[in-house]
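Just the heavy atoms: all of them, side chains too, but no hydrogens, waters or symmetry mates, feed the values below. Quick note on labels: first sequence line is chain A, next is B, and so on, each numbered from 1.
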There are 2 protein chains.
Amino acid sequence: MDRHRKPTLDTVASAVGVSRATVSNAYNRPDQLSAALRERILETAASLGYAGPDPVARSLATRHSATVGVMLDRPLSSDPAVSIVLDGLASTVDGHDHGLVLMPGGVDGGPRPETVARAQADVVVAYSLPDHAPALDVVRARGLPLVVIDQPVLPDTARVEVDDVGGARLAATHLRDLGHTRFGVLAFGLHRDGATGPVPTDRLPDAAFRVTRDRLTGYLDVIGEAPVWECAGSRRDLGRAGARELLSRTPRPTALLCASDELAFGALQAARDLGLRVPTDVSVVGFDDVPEAGHAEPPLTTVRQPLAEKGRRAGELALRLLTGARPGEPARLPVSLVDRHSAGVLT
Amino acid sequence: MDRHRKPTLDTVASAVGVSRATVSNAYNRPDQLSAALRERILETAASLGYAGPDPVARSLATRHSATVGVMLDRPLSSDPAVSIVLDGLASTVDGHDHGLVLMPGGVDGGPRPETVARAQADVVVAYSLPDHAPALDVVRARGLPLVVIDQPVLPDTARVEVDDVGGARLAATHLRDLGHTRFGVLAFGLHRDGATGPVPTDRLPDAAFRVTRDRLTGYLDVIGEAPVWECAGSRRDLGRAGARELLSRTPRPTALLCASDELAFGALQAARDLGLRVPTDVSVVGFDDVPEAGHAEPPLTTVRQPLAEKGRRAGELALRLLTGARPGEPARLPVSLVDRHSAGVLT
DNA sequence: TGGATGTTCTGAAGCGCTTCAGTCACACTC
DNA sequence: GAGTGTGACTGAAGCGCTTCAGAACATCCA
């Protein structure tokens, strides 16, 4: 026997003395042949070192690859929230015998177009991509079904999101109820220009990212005007720098609203840098409720969004789209305030 | 035109009036046809809504899918170290125009066998799997090249690892030089039984996991005998519980050696729980140097391993294997001690 | 001017599998 | 004993692409 060439369906078929169709059925439709024959086929296959139908060939023949692609806006490692969402997504599709191909983002907020063009997937989910990510065009060109998590908002497209406005309001209201009146806010990027710094009011209204816009809206709805510092990314160091700025102003804000926990961790650090005590001197509230939030010093008061659930819902939507279902209304998941120890009454 | 059926190579070929081979060449071997014709083909393709050769069909014809699979021992979200390694891996293979299919672990330390059987990949990398993960058998049965990160140690298999023994020695030596003599160690699981608790000495010698074994060896080489607490997973809560136990003994250890940062974070918390100050009352040293280590309270002294580099190297190895290269010697990456503030002189 | 050399394009054979319309043999039923 | 199922298997078409050995024609140099 030729030990160099991998065995195929044929190899097994002729070894057993049946047709290829029958061997195929042995794997895919056990009810189509007698149990005895099936047993014989499987045994022969094993002894031949045949590991089952080749996935690629099967995909071509069936015209689906049983795989969902996921596009991220950034590298995987930057924010734990991403991992959690991804986990929910992965386990959901895996549970339905689908694979997951990962397309992490590069510098320009999304995977490279070539990566997407090459990906073997029946459907793709986009995680919090910028509005005009080139990757999205490729998905459209290929005619693949799409589900987006958080953003961008695309017409006639399946989506799962959380109530960002409501969540932000929760955070702001909590602080206001605690007696705070002088606020500072640490926001995500408003535009794709990677700007970091204080936000002039004219930059506000037309922010390009839905999530940025919504959280900001929620904050400002409640607290009225306030200095906003824009951070190009959800990164601790950017939060630290921004918070340090905000906290150095006179009069100093007594409370900081942060668009993510990661930013809030940075703010906690900035407070330490300046010798301020949290929450005695300044209150800090985050957004996301990543696991670390509960372990911060002090434990972070934050807005919880169901991250794993987001991934799961996206997975279910993707799978549903594969059955030909229409996108339907966006799934909107609830948020809630987790009151820990980084926000306190104004003394 | 039939708007329901996606255009294929043929569609384009007959629209332009050339053979399929030529259209294929337009995409894959521009040098095989005149620039003018190529241009015309690409234009027609675009106007027809043809998004380029179907990846699956191409894979079948070329007999490789340009994809590397990665198997994890656990869910993605549990430890930031995983994300970082994955990131290095993903960007490396993406840079070489290969995709990444993700196979996260379930409960039994590895992806489901069916998942691996179905995955469309030319090569797979296994991240820190248990010695006898079923997933590994499937990889072997399919005859796919394999590169393992950390463990298990398999004969004739490409591998990338760090100097775990050396790293552990570094940590232990540092503590000893600081004057400590009473130690406690927080180790990973020694066996696949998910045991958590104090380790009887007879469980030690034959630990099933290389990483566990090596780090433990490194510690004990330097400090001699010491109480060891086994944690079934690299989880903060397990570290906290274990450390609380260890720190409640009389005489109390003055220094804790932890097999991972995640465990060490738990230990820090346990110290707080008990009203002990770090490093005044007790020193804590971790292993990994995840980003959070620098932000812990106090910043964690730990052994740094080049996580991203590990992923990158694994990616390069995987790609090399695809060219038919032999596995070669395991790549061993260096570790170093990062001296921050969680370990101090014994007072 | 004629063989050698290129350049550009084509035909046809696969890649390894699924699937559907049958064929065949063997029970049943009345 | 004719009709009707039914269970078990097969033949062949096809999924959408790549690739390789040429064919057809132009170009070049001696």
>> Within the 4.0 Å heavy-atom criterion, would you say A:T8 contacts the bases, only the backbone, or no part of the nucleic acid?
In response: sugar-phosphate
> Which residues pass the side chain to side chain donor-acceptor pair (under 3.5 Å) test with A:D150, sequence neighbours left out?
Replying inline: A:K310
>> So, using side-chain contact (heavy atoms from CB on, under 4.5 Å) as the criterion, who are the partners of A:A325 when residues are at least two apart?
In response: A:R320, A:T323
>> Going by side chain to side chain contact (heavy atoms under 4.5 Å, CB included), A:T157 matches just one of A:L136, A:L321, A:V148. Which one?
In response: A:V148
> Can you list the residues that meet the salt bridge (Lys or Arg N to Asp or Glu O under 4.0 Å) rule with B:E114, with sequence neighbours excluded?
Replying inline: B:R112
> To the nearest angstrom, how far is A:R63 atom CZ from D:dG16 atom P?
Replying inline: 6 Å
>> Checking B:T8 now: which residues fulfil side chain to side chain donor-acceptor pair (under 3.5 Å) with it, not counting sequence neighbours?
In response: B:T11
> How many Å lie between CG on A:L9 and C1' on C:dT19, as a whole number?
Replying inline: 13 Å
> Roughly how many Å is it from CG in A:D10 to P in D:dT10, rounded to a whole number?
Replying inline: 13 Å
> Roughly, in whole Å, what's the span from NE2 in B:H64 to C1' in D:dT18?
Replying inline: 10 Å
> Rounded to the nearest Å, what distance is computed from the CG atom of residue A:N28 to the C1' atom of nucleotide C:dT19?
Replying inline: 10 Å
> Once each nucleotide of nucleotides 4-14 of chain C is scored for protein heavy atoms under 4.0 Å, what B/S/- sequence comes out, 5' to 3'?
Replying inline: ----SBBB-BB
>> Taking ring-ring contact (aromatic ring centres under 6.0 Å, His included) as the cut-off, I'd like each qualifying pair that reaches into residues 24-68 of chain A, sequence neighbours left out, listed once.
In response: A:Y27-A:Y50
> Among residues 112-119 of chain B, which residues get a heavy atom nearer than 4.0 Å to DNA chain C?
Replying inline: none
> Separation of B:K6 atom NZ from D:dC15 atom P, in whole Å?
Replying inline: 15 Å
>> Show me the pairs that pass ring-ring contact (aromatic ring centres under 6.0 Å, His included) and involve residues 90-124 of chain A, at least two apart or across chains.
In response: none
>> Under 4.0 Å, counting only non-hydrogen atoms across every strand here, what does B:Y27 touch: a base, just sugar-phosphate, or nothing?
In response: nothing
>> Restricting to side-chain contact (heavy atoms from CB on, under 4.5 Å), what partner residues turn up for A:T22, sequence neighbours left out?
In response: A:V18, A:S19, A:L33, A:L37, A:I41
>> Quick check for you: among D:dG16, D:dT18, C:dT18, whose closest atom lies nearest to any side-chain atom of A:L60?
In response: D:dG16
> Quick one: B:D54 CG to C:dG16 P, roughly how many Å, whole number?
Replying inline: 17 Å
> If you check the A:A57 side chain, which of C:dG16, D:dG16, D:dT18 turns out closest?
Replying inline: C:dG16
> side chain to side chain contact (heavy atoms under 4.5 Å, CB included) between A:D122 and A:V68: does it pass, once the steps are laid out?
Replying inline: CA-CA 6 Å; A:D122 301 327; A:V68 355; over 6 Å; no
